[in-house]
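As C-alpha cells, the structure follows; a few thoughts come after it.
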Amino acid sequence: MASLTEEQKAFLTRKMKTRFRSLDVDRNGFITTKDYDKLVRRWIEYGKLTEEQATSVKKVLQGVCDSLGLKPGMQVSLEQFLKSAAHFQQRDNEAATADCMANFLVFFDAIDTNKNGVISLKEFEVYFDAMGVGKQHAKASFDAIDTNSDGSITRDEFVATVLEFFVNTDPAHPSKLFFGPLVD
C-alpha cells in the first residue's frame, strides 16, 4: 500500500475501530474468545444457521482469533487490534485477498438464509442484529453495498465492498458503511 496521508490513516483507523466494535460483542473494550462464542451463537440463533453453516462460521471466526493471537483467557485491546489491522492492510498480495474473500463468502452464505444467491434487506437486518450493530443501521449499509441498486446484494457486491472497507481511504466511498456507521 502506498504511503498514506495523516487524514487517510485517521480514516482507516476509524474504520478499524468500527470493525473492533462489531467484534467486541460485550462492549467491554476488549475482544475475547467469549465475544466470538457469543457472536457465533447470535449468528446461529438469529440467522437460523444449519450445522454446516455454523461450523463454517466458527472456522472463519477461529481464524480471526488465530490471526490476533487470541486464545481462551486472553484479550485483545483496541490498540492491539489496530496494530494487527495495520499489518494486514500493509499486506499487498493475492493470497491475503483470496483468504479475505473466502472468509467473507462464508458470511455471505450464512446471511443468505433462503439460499437464493442474494441477500435481501431483511436478511441483512438479521446480520446487523446478530453483530449487535442494530437493524436501524442496516438500510444505509445495505444500500451502499447494493451498488447496482436492484434491491439485493450479490456475492460480488458483498465481497468487493468488504475488501474496499479494509483498504479504501476515500471518506466518501460507500464501503465505509459495511460494518455499520463509523465510530468517532
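Note that these values count all heavy atoms, side chains included, but never hydrogens, waters or copies made by symmetry.
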Does the distance from a Lys or Arg side-chain N to an Asp or Glu carboxylate O, for Arg155 and Asp109, drop under 4.0 Å?
yes

Using every non-hydrogen atom in the two residues, find where Arg14 and Leu182 come nearest and quote the distance to one decimal.
NH2-CB, 3.3 Å

Phe124 CZ to Ile145 CD1 distance, which is reported to the nearest 0.5 Å:
3.5 Å

Any chance you could lay out the side-chain contact (heavy atoms from CB on, under 4.5 Å) test for Lys176 and Phe11, step after step, and finish with the verdict?
CA-CA 9 Å; Lys176 69 183 178 188; Phe11 179 63; 3.9 Å; yes

Do Val57 and Val64 sit in the same hydrophobic cluster, where Ile, Leu, Val, Met, Phe, Trp and Tyr count as joined when their side-chain heavy atoms come under 4.5 Å apart?
yes

Can you name the closest pair of heavy atoms from Val25 and Lys38 and give their distance?
CG1-CB, 3.9 Å

Determine whether Lys58 and Ile44 make a side-chain contact, defined as any pair of heavy atoms from C-beta on separated by less than 4.5 Å.
yes

Decide side-chain contact (heavy atoms from CB on, under 4.5 Å) for Thr33 and Gln75; before the verdict, give the C-alpha distance in whole Å, the side-chain angles of both, and the deciding distance to 0.1 Å.
CA-CA 8 Å; Thr33 55; Gln75 56 188 22; over 6 Å; no

OG of Ser84 to CD of Glu79: how many Å apart, nearest 0.5 Å?
12.5 Å

I'd like to know if Glu6 and Lys9 make a salt bridge, using a cut-off of under 4.0 Å between side-chain N and carboxylate O.
yes

Heavy-atom closest pair (Ala144 atom, Leu177 atom, distance to 0.1 Å) is CB-CD1, 4.1 Å

Is the side chain of Thr154 donor-acceptor paired with the backbone N or O of Val118 at a distance under 3.5 Å, no angle test?
no

Do Asp146 and Asn148 touch side chain to side chain, with heavy atoms closer than 4.5 Å?
yes

Are the aromatic rings of Phe104 and Phe108 close, with centres under 6.0 Å apart?
no

If every non-hydrogen atom of Asn168 is compared with every non-hydrogen atom of Ser175, which pair is closest and at what distance?
CB-OG, 4.1 Å

Determine whether Phe20 and Met16 fall in the same hydrophobic cluster, where Ile, Leu, Val, Met, Phe, Trp and Tyr are linked whenever their side-chain heavy atoms lie under 4.5 Å apart.
yes

Give a yes or no on whether the backbone of Thr147 and the side-chain of Glu157 come within a donor-acceptor separation of less than 3.5 Å.
yes

Can you list the steps and then say if Asn114 with Glu123 is a side-chain contact (heavy atoms from CB on, under 4.5 Å)?
CA-CA 9 Å; Asn114 67 4; Glu123 290 168 324; 3.1 Å; yes

Between the side chain of Asp26 and the main-chain N/O of Asp35, is any donor-acceptor distance below 3.5 Å?
no

Drop me the distance from Phe30's CZ to Gln80's CD, to the nearest 0.5 angstrom.
8.0 Å

Is it the case that one hydrophobic cluster holds both Leu39 and Val106, taking links as side-chain heavy atoms less than 4.5 Å apart, direct or via other members?
yes

Salt bridge between Lys139 and Asp143, side-chain N to carboxylate O under 4.0 Å?
yes

Should the pair Lys15 and Phe165 be classed as cation-pi, given the thresholds of under 6.0 Å to the six-membered ring centre and 45° from the axis?
yes

Closest approach of Leu68 and Phe81, non-hydrogen atoms and distance?
CD2-CD1, 3.9 Å

In Å and rounded to the nearest 0.5 Å, what is the CG to CZ distance from Leu163 to Phe158?
10.5 Å

Name the one of Trp43, Phe179, Phe142 that satisfies ring pair (Phe, Tyr, Trp, His ring centres under 6.0 Å) with Tyr127?
Trp43

side-chain contact (heavy atoms from CB on, under 4.5 Å) between Phe107 and Leu61: does it pass, once the steps are laid out?
CA-CA 10 Å; Phe107 293 131; Leu61 289 176; 3.9 Å; yes

Does atom NZ (Lys17) have a neighbourhood of more than 12 heavy atoms from anything else shown, all under 6.0 Å?
no

Compare every heavy atom of Met131 with every heavy atom of Arg27, then report the nearest pair and how far apart it is.
NH2-O, 4.1 Å

Does one hydrophobic cluster hold both Phe166 and Val60, with members joined at side-chain heavy-atom distances below 4.5 Å?
yes

Can you tell me if Gln8 and Thr169 form a side-chain donor-acceptor pair at under 3.5 Å?
yes

May I ask you to check whether Arg21 and Thr18 show a side-chain donor-acceptor distance below 3.5 Å?
no

Under a 3.5 Å distance rule, please check whether Asp37 uses its side chain to pair with a backbone N or O of Arg41 as donor and acceptor.
no

In terms of hydrophobic clusters joined by side-chain contacts under 4.5 Å, are Leu78 and Leu23 together?
yes

I'd like to know if the side chain of Ser22 reaches the main chain of Arg19, judged simply by a donor and an acceptor atom lying under 3.5 Å from each other, with no hydrogens or angles considered.
yes

